[in-house]
Structure formats: C-alpha cells, structure tokens
Novice: 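The structure under discussion is supplied below as structure tokens; questions concerning it will follow.
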Amino acid sequence: FHIQAPSKPSSLVLNASRAAKKKVSRAKWLEKRGFSDAVATTSSESGIIKNDEGLEFVKLVHPESGASAEVYLFGGVVTSYKDGDGTEFIAVRPDAKMDGSKPISGGLSHCWPQFGPGEIQQHGFARNVMWEVTESTDTTVTMQMKPSDYTKEMWDKEFLCNFSVSLEAGELKTVMNVKNEGAEESFDFQAALHSYFTTSSLENLEITGSFEGKEFLNKLVGDEGEMQTEDRSAIKISEEYDRVYKGVNDPVLKDSGTGKALNILNQAGWEDTVLWSPYGNEAMGFDNFVCVESVKFDPVTLDAGKSWEGVLVLKPEAL
Ligand SMILES: O=P(O)(O)OC[C@H]1O[C@@H](O)[C@H](O)[C@@H](O)[C@@H]1O
C-alpha cells in the first residue's frame, strides 16, 4: 500500500469553559460515589491531543460516567474505548505504527471501499488518509473523508464519507455514512470495521452470538478457502483464524479475566462478521486481542444521490 502524507493540523480549538464545567460535573459524580475531589481534578479532558509522534487524535470523555474514547484523524480510527471503570475494550497492536507511516494496526479500522483483495489495495484507502473533523463536542465527533488526488488515482468516484462517534454513559456508538454525491453514476463498494478488541488472554475469551449452524468461509484452508459449518454456540480461539461468517452480526465477547462482556450491536448496514486472530504471533501481541469485524461483504451498489449507513454500538456489561 501507499499512504497519503498527514495534512495540516486541524483548526479545532478546545473550549476551556466547557472543559471546566465538565470537571465540576465529574467531581459531583465522583463525590456522590464517595470519591474525593483529588481524584476528580486528575480526570483527563476531551479535545484534540497530539501523540508523542505528532499524530492528532480526538479524546472524548463522558462527564458523568468518566468513560472515554480516542479517535485518530489519520484513518478516522477509534483506538480506545474505556468504560467508567477504566476497562479498555479496544486494542492497538504493540507493533502498530502510530506516526502515520502505515495504517494503524488496531482500533476500529476502516476497510473501505474494498474489504479484501481486489482491484485496489487490500483493505482500501480509508485507513491511509487524514479525515477532517467537521463537528465535535466533549462526547461526540464527526470526521469526514472526501475524494482527493490520492484516492482518485485508485478509485475515481464521487463519494463522501462521514464517520461519527458518540460516547454515552454506558455505550459507544459509531455511524459510517457513505454518500454518492454524483449526479448520474452509481458505484459499488464493500465496507468493514476491522475491529481489534482487547482480551485479558485468549483462553479467557468466549465469543457467543448466532454462530451455531452457520456456514463460514475458512480462508486459511487451501488456496481459495473452504466453506465449513460452525457447530459451536460459543467460540474459543486456540489457533489462527481468518473466517467470514456471512449473516452473523450479533457477537458478544465474554472475558472471564476482566469479568466483562462486550456486546457488539450491529444496528444497521453491518451484516456479516469476520473473526481474525494471528494466533501464536508474539510480535503482534496475539494473546491480548481478537479481531471481530463488522462487515458488509457483498458489495453495496449506491445510486447517485443515495446514502448507505453502517451503525455499530459497543455496549459493555458485567458477566
Ligand atoms: O495489520 P492490519 O493491516 O491491521 O491487518 C491485519 C490482518 O487483517 C486480515 O484481515 C488480513 O487477512 C491479514 O492479511 C492482515 O494482516
């Protein structure tokens, strides 16, 4: 693949008074639960932040629950979602590049407008470009991706993508909206969130959902992969995985190590699930993540002026 160089920094500015108000409200929330003020004043704030390597991300903080999320402009990728207890649900691989020299290997990574191998580069280009922040509050952000010379070289279509992330007290909602801005021509695309989720260890993880009895493409068998039938209702990963479960979109990740379950609620657009694990690959930190991807595998044909939406809600709960 090749990468588009990070563009100029975003002009979005932190609203200081909003941050101050939020601190007060967080302090009240903590006080009610018996924590001291000292804890409240150390809570981090929402806004645009630069990582150590100069890449910008938006931090969202929920004023009451203290839940937080981080979304990088490079790739428009959510790289962190912590609930109010501070449990992290989203993984970034230890070998990920966080300086814009490669797409970030981790987070809720966009594969768009192509999922797998095809005419353009594997996983498309959405994760290689800078997205622009068009709206933000302490708990929400919308980022936009438009055609550029870089994308037109690969795929000359009149698209507009808006990706919005909203942090609520008990869940994180993401909406990927694709619009065909053209006057006449339709275009086809595939879409996915190549989501990396944390595991305390793969041996503590069970993936439930409507898997039992479903056919899946096991890409790791033979040259072309092989269709197989899932006979389990709860999946445990103890070997390398690259499996496409068409028509399954309700996975739940149950981690007995953290005592939490993460419900992956694909509420619109995302019809299929891909499970990917580079089991045994220590450099990738295989034991501490699993990719449970929200996918639209069969291409969408989008007529001129029309939109498509993929809605994913992540909802943690106690096991
Ligand atoms: O390292 P990335 O770009 O996040 O991708 C992870 C993996 O994603 C899988 O879907 C691909 O089949 C692998 O080839 C790839 O290594």
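Treat the numbers as computed from the prediction; the structure is a model and nothing was measured.
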Novice: Is the shortest side-chain heavy-atom distance between Cys161 and Met176 below 4.5 Å?
Specialist: yes

Novice: Ignoring hydrogens, what is the shortest heavy-atom contact between Leu167 and Ser68? Give both atom names and the distance.
Specialist: CD2-CA, 3.7 Å

Novice: Could you check whether atom NZ of Lys214 has more than 12 heavy atoms from other residues, nucleotides or ligands sitting under 6.0 Å from it?
Specialist: yes

Novice: Taking atom CH2 of Trp155 and atom CZ of Phe187, what is their separation to the nearest 0.5 Å?
Specialist: 4.5 Å

Novice: Looking only at side chains, do Ser210 and Asp250 share a donor and an acceptor under 3.5 Å apart?
Specialist: yes

Novice: For Glu88 and Tyr81, indicate whether the former's side chain and the latter's backbone hold a donor-acceptor pair under 3.5 Å.
Specialist: yes

Novice: Ignoring hydrogens, what is the shortest heavy-atom contact between Ile48 and Glu56? Give both atom names and the distance.
Specialist: CG2-OE2, 3.7 Å

Novice: Less than 4.5 Å apart, side chain to side chain, heavy atoms only: is that true for Asn177 and Ser164?
Specialist: no

Novice: Using a 3.5 Å distance criterion without hydrogens, assess whether the side chain of Thr137 forms a donor-acceptor pair with backbone atoms of Thr140.
Specialist: yes

Novice: With side chains defined as the heavy atoms from C-beta onward, is the minimum distance between Ser277 and Phe289 less than 4.5 Å?
Specialist: no

Novice: Does Val290 form a side chain to side chain contact (heavy atoms under 4.5 Å, CB included) with Tyr241? I'd like the steps, not just the answer.
Specialist: CA-CA 9 Å; Val290 60; Tyr241 264 59; over 6 Å; no

Novice: To the nearest 0.5 Å, how far apart are CZ in Arg93 and SG in Cys291?
Specialist: 7.5 Å

Novice: What's the shortest heavy-atom distance between Phe74 and Pro103, and which atoms?
Specialist: CE2-CA, 4.0 Å

Novice: Looking only at heavy atoms, which two atoms of Ala67 and Ala169 are closest? And how far apart?
Specialist: CB-O, 4.2 Å

Novice: Using only atom types and a distance under 3.5 Å, with no angle test, would you say the side chain of Glu226 pairs donor to acceptor with the backbone of Val221?
Specialist: no

Novice: Give the C-alpha distance, both sets of side-chain angles, the deciding distance and a yes or no for side chain to side chain contact (heavy atoms under 4.5 Å, CB included) between Ser256 and Asn204.
Specialist: CA-CA 5 Å; Ser256 61; Asn204 296 335; 3.5 Å; yes

Novice: Say whether, by atom type as modelled, one donor and one acceptor occur between the side chain of Asp99 and the main chain of Glu53 under 3.5 angstrom.
Specialist: no

Novice: Quick one: does any side-chain atom of Lys296 pair with a main-chain N or O of Asp298 as donor and acceptor, under 3.5 Å?
Specialist: yes

Novice: Does the pair Thr198 and Thr258 meet the rule for a side chain to side chain contact (heavy atoms under 4.5 Å, CB included), with working shown?
Specialist: CA-CA 10 Å; Thr198 54; Thr258 59; over 6 Å; no

Novice: Distance from Leu60 atom CG to Ser136 atom OG, nearest 0.5 Å?
Specialist: 8.0 Å

Novice: Should we count NZ of Lys236 as having more than 12 external heavy atoms under 6.0 Å?
Specialist: yes

Novice: What do you reckon, is CD of Gln228 surrounded by more than 12 foreign heavy atoms closer than 6.0 Å?
Specialist: yes

Novice: Find the distance between OG1 (Thr199) and CD1 (Ile237) and round it off to the nearest 0.5 Å.
Specialist: 9.0 Å

Novice: Ring centres under 6.0 Å, that's the criterion: do Phe163 and Trp112 meet it?
Specialist: no

Novice: Using a 3.5 Å distance criterion without hydrogens, assess whether the side chain of Asn249 forms a donor-acceptor pair with backbone atoms of Ser294.
Specialist: no

Novice: Measuring only between side-chain heavy atoms, which start at C-beta, is Val300 closer than 4.5 Å to Val178?
Specialist: no

Novice: What pair of heavy atoms forms the shortest contact from Ser105 to Ala96, and how long is it?
Specialist: O-CB, 3.6 Å

Novice: Checking the side chain of Asn51 only, and the main-chain atoms of Met98 only, is there a donor and an acceptor separated by less than 3.5 Å?
Specialist: yes

Novice: Please check if the side chain of Gln190 supplies one atom and the backbone of Phe115 the other of a donor-acceptor pair under 3.5 Å.
Specialist: yes

Novice: Val292, Trp276: one ILVMFWY side-chain cluster at the under-4.5 Å cut-off?
Specialist: no

Novice: Can you hop from Met284 to Tyr196 via hydrophobic side chains spaced under 4.5 Å?
Specialist: yes

Novice: How about Leu193 and His110: do any of their side-chain heavy atoms sit closer than 4.5 Å?
Specialist: yes

Novice: Is there a side-chain contact between Val71 and Val77, using heavy atoms and a 4.5 Å cut-off?
Specialist: no

Novice: Give the C-alpha distance, both sets of side-chain angles, the deciding distance and a yes or no for side-chain hydrogen bond (donor to acceptor under 3.5 Å, both in side chains) between Asn162 and Thr142.
Specialist: CA-CA 7 Å; Asn162 278 293; Thr142 300; over 6 Å; no

Novice: Knowing that exactly one of Leu275, Asp272, Val274 qualifies, which makes a side chain to side chain contact (heavy atoms under 4.5 Å, CB included) with Glu293?
Specialist: Val274

Novice: Look only at the side chain of Asp138 and the backbone of Val61, and say whether a donor-acceptor pair between them is shorter than 3.5 Å.
Specialist: no

Novice: Assert yes or no for the condition that the ring centre distance of Phe89 to Phe197 is strictly below 6.0 Å.
Specialist: no

Novice: Do you reckon Ile264 sits in the same ILVMFWY cluster as Val92, going by side-chain contacts under 4.5 Å, direct or chained?
Specialist: yes

Novice: Please list, chain by chain and in numerical order, all residues satisfying salt bridge (charged side-chain N to carboxylate O under 4.0 Å, His left out) with Asp85, sequence neighbours excluded.
Specialist: Lys260

Novice: More than 12 heavy atoms of other residues, nucleotides or ligands under 6.0 Å from CD of Glu185: yes or no?
Specialist: no

Novice: As an exercise, state the distance from NZ of Lys157 to OG of Ser186, rounded to the nearest 0.5 Å.
Specialist: 8.0 Å

Novice: Using a 4.5 Å cut-off on heavy atoms from C-beta on, say whether the side chain of Phe57 contacts that of Leu55.
Specialist: no

Novice: By the salt bridge (charged side-chain N to carboxylate O under 4.0 Å, His left out) test, which pairs, at least two apart or in different chains, include something from residues 301-310?
Specialist: none

Novice: State plainly whether one hydrophobic cluster holds both Met143 and Tyr150, where clusters connect Ile, Leu, Val, Met, Phe, Trp and Tyr through side-chain heavy atoms under 4.5 angstrom apart.
Specialist: yes

Novice: What is the minimum heavy-atom distance between Ala261 and Val252, and which atoms define it?
Specialist: CB-CG1, 4.2 Å

Novice: Measuring from Asn128:CG to Ile104:CD1, what's the distance to the nearest 0.5 Å?
Specialist: 11.0 Å

Novice: Kindly indicate whether the side chain of Lys146, heavy atoms from C-beta on, has any atom under 4.5 Å from the side chain of Gln144.
Specialist: yes

Novice: Hey, quick one: are Leu172 and Val313 part of the same hydrophobic cluster, counting side-chain heavy atoms closer than 4.5 Å, chains of contacts allowed?
Specialist: no

Novice: What residues form a salt bridge (charged side-chain N to carboxylate O under 4.0 Å, His left out) with Lys219, not counting sequence neighbours?
Specialist: none

Novice: Does the side chain to side chain contact (heavy atoms under 4.5 Å, CB included) test come out yes or no for Ile235 and Glu230, once each step is laid out?
Specialist: CA-CA 9 Å; Ile235 295 173; Glu230 183 57 76; 3.8 Å; yes

Novice: Closer than 3.5 angstrom, by distance alone: can the side chain of Asn266 be matched with the main-chain N or O of Leu312 as a donor-acceptor pair?
Specialist: no

